[in-house]
> 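My structure is below; once you've seen it, I'll send some questions.
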Amino acid sequence: MLLSDVVTTSAAVGATRARREKTTALADLLRAAGPTEIVPVVAWLSGTPRQGRIGTGWRTLAAVDVPPADTPSWTVQQVDELLDELAGTSGQGSARRRRELLDRLYGTATADEQRFLHRLLTGELRQGALEGLMVDAVAAASGAGQAAVRRAFMLSGRLPETAATALAGGAEALAGIGLRVGRPIRPMLASPGDSLDAALAALGTEVTVEHKLDGARIQVHRTGDEIRVWTRTLREITAAVPEIVELTRALPCSAAVLDGETLALDDDGRPRAFQDTMSRFGTEADGDGDGGRDERGVLLSPFFFDLLHLDGHDLVDEPLETRLDLLAGLLEGDRQAPLRMPGVRRPSPEEAAAVLDGALDAGQEGVVVKDLAAPYAAGRRGKAWQKVKPVHTLDLVVLGAEWGYGRRTGSLSNIHLGARDPDGGEPVMVGKTFKGMTDELLAWQTETFPRYAREEEPGVLFLRPELVVEIALDGAQRSTRYPGGVALRFARVLRYRPDRTAADADSLDAVRALLSG
DNA sequence: GGGCGGTGCCC
DNA sequence: CTTGTGA
DNA sequence: TCACAAGGGGCACCGCCC
């Protein structure tokens, strides 16, 4: 199969908004692919090379300037091999070597192929189909049911390999893919709840309400004395978190798969800023024999909230209630008690509210409300788990706006936000946001902002600091980028405030008051 | 050896 | 990570 | 309801350059 076949399919997928048409086009290509081509083709058309992110981003690719070929010649296999080499290139002189490989890749590609490769390698396929629709396509092409593909994907953690299995052996082969301790599964996610009351109303009384911590998701596997740890995206971090490995080794079991969250605590047991937790991710190993505590004293504490396997028994199909019972049994001892995620089963509305208050008083992020009857549905952001976090709002000044990309091309989209200077100077920039904007609001911004223009740069329009916008946010974090030393976290537009002036906007002190940790 | 841009991945 | 959009 | 696209801040890592 040629790369150009994949590019043609991608174009067809991108040309329609109808999901059925997209999956049909994808499925047709999968049927035409050879057994060894399925893995790279599925990976590419779900938006990521088989090798993962390869270390060449938009900046490197923008520097590649070779004329396109007239006729397509790359095969899928050849490109996959070249990507392998690209991914394996490191050390001194690697930048030059990469440039050579990219020149070769692009120089033998047609213009259409160059554009496809560019989108693939920057991680912005933008064909309106990623893993979700590929699951449907694999089901269609293989004749296996969607549920079977979904389940195998969740348990194997990898769609390309799942697709190869499905196309080779159909539903029967998929049924052979089970949970394997030592191989991470896709984690179950929570959807955003509107409020605690709304979540309780939606899920009923057969629920548990647990603390939601501002840390990083971890999945911990144990077989005998071997322990491995993965993140939410199934990146292995075992070597970076020896303290989690040691705590898991002390559990009274021989095999387990645990799901949880980890974060850094201060000496009082209160959560540190998320940034401190994050400083421990991305470090491969620490190797200084101090059990993980680095020179800044950041130690990670794990909190487990689910159990997917215990001593030979798979639990993903069991109701949460059963999994929680077994988890409680595993973490029964005094020594293990600190590893339990705090929570209350079947709370009254008042008790549920008290759990939320307790979480916030303890400095945590909020709560998650979970249906006790639900099995572990990995990889789907269903309604069985709903997260509830308090929302803060601020009135901020619009300092500028950036021209959008993709479906926002031609619109002034991402806005720069400033807080009032308590000393009376110009507003101080504290962040940007592109969220919360309807098409109507984008049109309004695009029409209105030029009337406030003060200065223009490529891609950015700077405004006189007059427009006030009400912003929702989760909190603030310390910043070295912004002059006030603080930045907004998860800022989104609620509405513009034509009734307010920059003098009415919230001050930098109001932003600083939202700092956590 | 330190600064810096580019990249990937946490949220 | 959050939100708006469209099938 | 689901999947996707729009893009945010910060941190560690890496290679390159001074």
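Hydrogens, waters and symmetry mates are skipped; everything else that's a heavy atom, side chains included, is used. In what follows, chains carry the letters A, B, and so on, assigned in the order in which the sequence lines appear, proteins first and then strands, with residues in each chain numbered from 1.
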> Starting from P on dG4(C), measure out to CG on Leu494(A) and report it in whole angstrom.
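About 9 Å, once rounded to whole Å.
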> For Lys389(A) and dT2(C), is the shortest distance between a side-chain N/O and OP1 or OP2 below 4.0 Å?
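It does, given that an N or O in the side chain of Lys389(A) lies less than 4.0 Å from OP1 or OP2 of dT2(C).
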> Please measure how far the P atom in dT3(C) lies from the corresponding atom in dG6(B), and state the result in whole Å.
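dT3(C) and dG6(B) have their P atoms separated by 31 Å.
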> Rounded to whole angstroms, how far apart are CG on Leu300(A) and P on dC11(D)?
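One finds 15 Å between P of dC11(D) and CG of Leu300(A), rounded.
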> Is the closest basic N to carboxylate O distance between Lys22(A) and Asp136(A) below 4.0 Å?
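No, Lys22(A) and Asp136(A) are not salt-bridged.
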> In terms of side-chain heavy atoms of Leu133(A), which of dG4(C), dC1(C), dC4(D) is nearest?
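Of dG4(C), dC1(C), dC4(D), dC4(D) is nearest to the side chain of Leu133(A).
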> Residues two or more places apart in sequence or in another chain: which of them pass side-chain hydrogen bond (donor to acceptor under 3.5 Å, both in side chains) with Asp317(A)?
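side-chain hydrogen bond (donor to acceptor under 3.5 Å, both in side chains) list for Asp317(A), sorted by chain: Arg151(A).
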> What's the CG-P distance between Leu189(A) and dT2(C), to the nearest Å?
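It works out to 11 Å between those atoms.
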> Would you measure the distance from the C1' atom in dC1(C) across to the matching atom in dG8(B) and give it in whole Å?
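The answer is 16 Å between these two C1' atoms.
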> Atom CZ of Arg98(A) to atom P of dC14(D): distance rounded to whole Å?
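Rounding to the nearest Å, CZ of Arg98(A) and P of dC14(D) are 12 Å apart.
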> Starting from the 5' end of DNA chain B, give me the residue, Ile218(A) or Ile54(A), whose nearest nucleotide shows up first.
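Looking at the nearest nucleotide for each, Ile54(A) comes out on the 5' side.
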> Could you list, one pair per line, each protein nitrogen or oxygen that sits under 3.5 Å from a nitrogen or oxygen of nucleotides 7-10 of chain D, together with the distance?
from: dG7(D); atom 1: OP1; to: Tyr405(A); atom 2: N; distance (Å): 3.1
from: dG7(D); atom 1: OP2; to: Tyr405(A); atom 2: N; distance (Å): 3.2
from: dG7(D); atom 1: OP2; to: Tyr405(A); atom 2: O; distance (Å): 3.4
from: dG7(D); atom 1: O3'; to: Asn414(A); atom 2: ND2; distance (Å): 2.8
from: dG7(D); atom 1: N2; to: Lys435(A); atom 2: NZ; distance (Å): 3.3
from: dG8(D); atom 1: OP1; to: Asn414(A); atom 2: ND2; distance (Å): 2.1
from: dG9(D); atom 1: OP1; to: Tyr482(A); atom 2: OH; distance (Å): 2.3
from: dG9(D); atom 1: OP2; to: Arg481(A); atom 2: NH1; distance (Å): 3.4
from: dG9(D); atom 1: O4'; to: Gln477(A); atom 2: NE2; distance (Å): 3.3
from: dG10(D); atom 1: OP1; to: Arg478(A); atom 2: O; distance (Å): 3.4
from: dG10(D); atom 1: OP1; to: Ser479(A); atom 2: OG; distance (Å): 2.6
from: dG10(D); atom 1: OP2; to: Arg481(A); atom 2: NE; distance (Å): 3.1
from: dG10(D); atom 1: O3'; to: Gln275(A); atom 2: NE2; distance (Å): 3.2

> Ignoring hydrogens and angles, state whether a donor on the side chain of Thr238(A) or Glu236(A) is under 3.5 Å from an acceptor on the partner side chain.
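Distance-only check passes for Thr238(A) and Glu236(A).
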> Between the base of dC2(D) and the side chain of Arg19(A), is there a donor and acceptor pair under 3.5 angstrom?
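A donor-acceptor contact between them is present.
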> Picking from dG6(B), dC16(D), dC9(B), which would you name as closest to the side chain of Thr60(A)?
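For Thr60(A), the side-chain atoms sit closest to dG6(B).
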> Hey, is the side chain of Arg59(A) poking within less than 4.0 Å of OP1 or OP2 on dG6(B), counting only N and O atoms?
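Yes, Arg59(A) has a side-chain N/O under 4.0 Å of OP1/OP2 on dG6(B).
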> Between C1' on dT3(C) and NZ on Lys387(A), what's the gap in Å once rounded to a whole number?
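After rounding, the gap between these two atoms is 12 Å.
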> How many whole angstroms separate atom CZ of Arg272(A) from atom C1' of dC11(D)?
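In whole Å, dC11(D) C1' lies 14 Å from Arg272(A) CZ.
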> Determine the Euclidean distance between corresponding P atoms of dC11(B) and dG7(D); express it in Å to zero decimal places.
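It comes out at 22 Å once rounded to the nearest Å.
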> So how far is it from Leu488(A) CG to Leu396(A) CG, rounded to the nearest 0.5 Å?
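Answer rounded to 0.5 Å: 6.0 Å.
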> From the options dA3(D), dC11(B), dG15(D), select the nucleotide whose nearest atom is closest to the side chain of Ser90(A).
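So the nucleotide nearest the side chain must be dG15(D).
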> Quick one: side chains of residues 364-374 of chain A, donor-acceptor pairs under 3.5 Å with protein atoms, not counting sequence neighbours, listed by atom name and distance.
from: Glu365(A); atom 1: OE1; to: Lys212(A); atom 2: NZ; distance (Å): 2.6
from: Lys370(A); atom 1: NZ; to: Glu210(A); atom 2: OE1; distance (Å): 2.8
from: Asp371(A); atom 1: OD1; to: Ala373(A); atom 2: N; distance (Å): 2.8

> Pick base, sugar-phosphate or nothing for Ala472(A), based on heavy-atom distances below 4.0 Å to the nucleic acid.
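Nothing, no nucleic acid heavy atom in range.
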> Once the angle between the rings of Trp385(A) and Tyr376(A) is folded into 0 to 90°, is it parallel (under 30°), tilted (30 to 60°) or perpendicular (over 60°)?
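Rings of Trp385(A) and Tyr376(A): perpendicular, over 60°.
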> Identify whether the distance between the nearest side-chain nitrogen and carboxylate oxygen of Arg478(A) and Asp276(A) falls below 4.0 Å.
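So Arg478(A) pairs with Asp276(A) through a salt bridge.
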> Mind checking if Gly123(A) touches a base, just sugar-phosphate, or nothing, with heavy atoms under 4.0 Å?
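Answer is nothing: Gly123(A) stays at 4.0 Å or more from every strand.
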> Can you see whether Thr89(A) engages Arg97(A) through a side-chain donor-acceptor pair at a distance of less than 3.5 angstrom?
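Their side chains do not contain a donor-acceptor pair, so the 3.5 Å distance test is not met.
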> Atom CD of Gln51(A) to atom C1' of dC9(B): distance rounded to whole Å?
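Interatomic distance, CD of Gln51(A) to C1' of dC9(B): 18 Å.
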> Whole angstroms only, please: what is the NZ-P distance between Lys212(A) and dT2(C)?
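One finds 7 Å between P of dT2(C) and NZ of Lys212(A), rounded.
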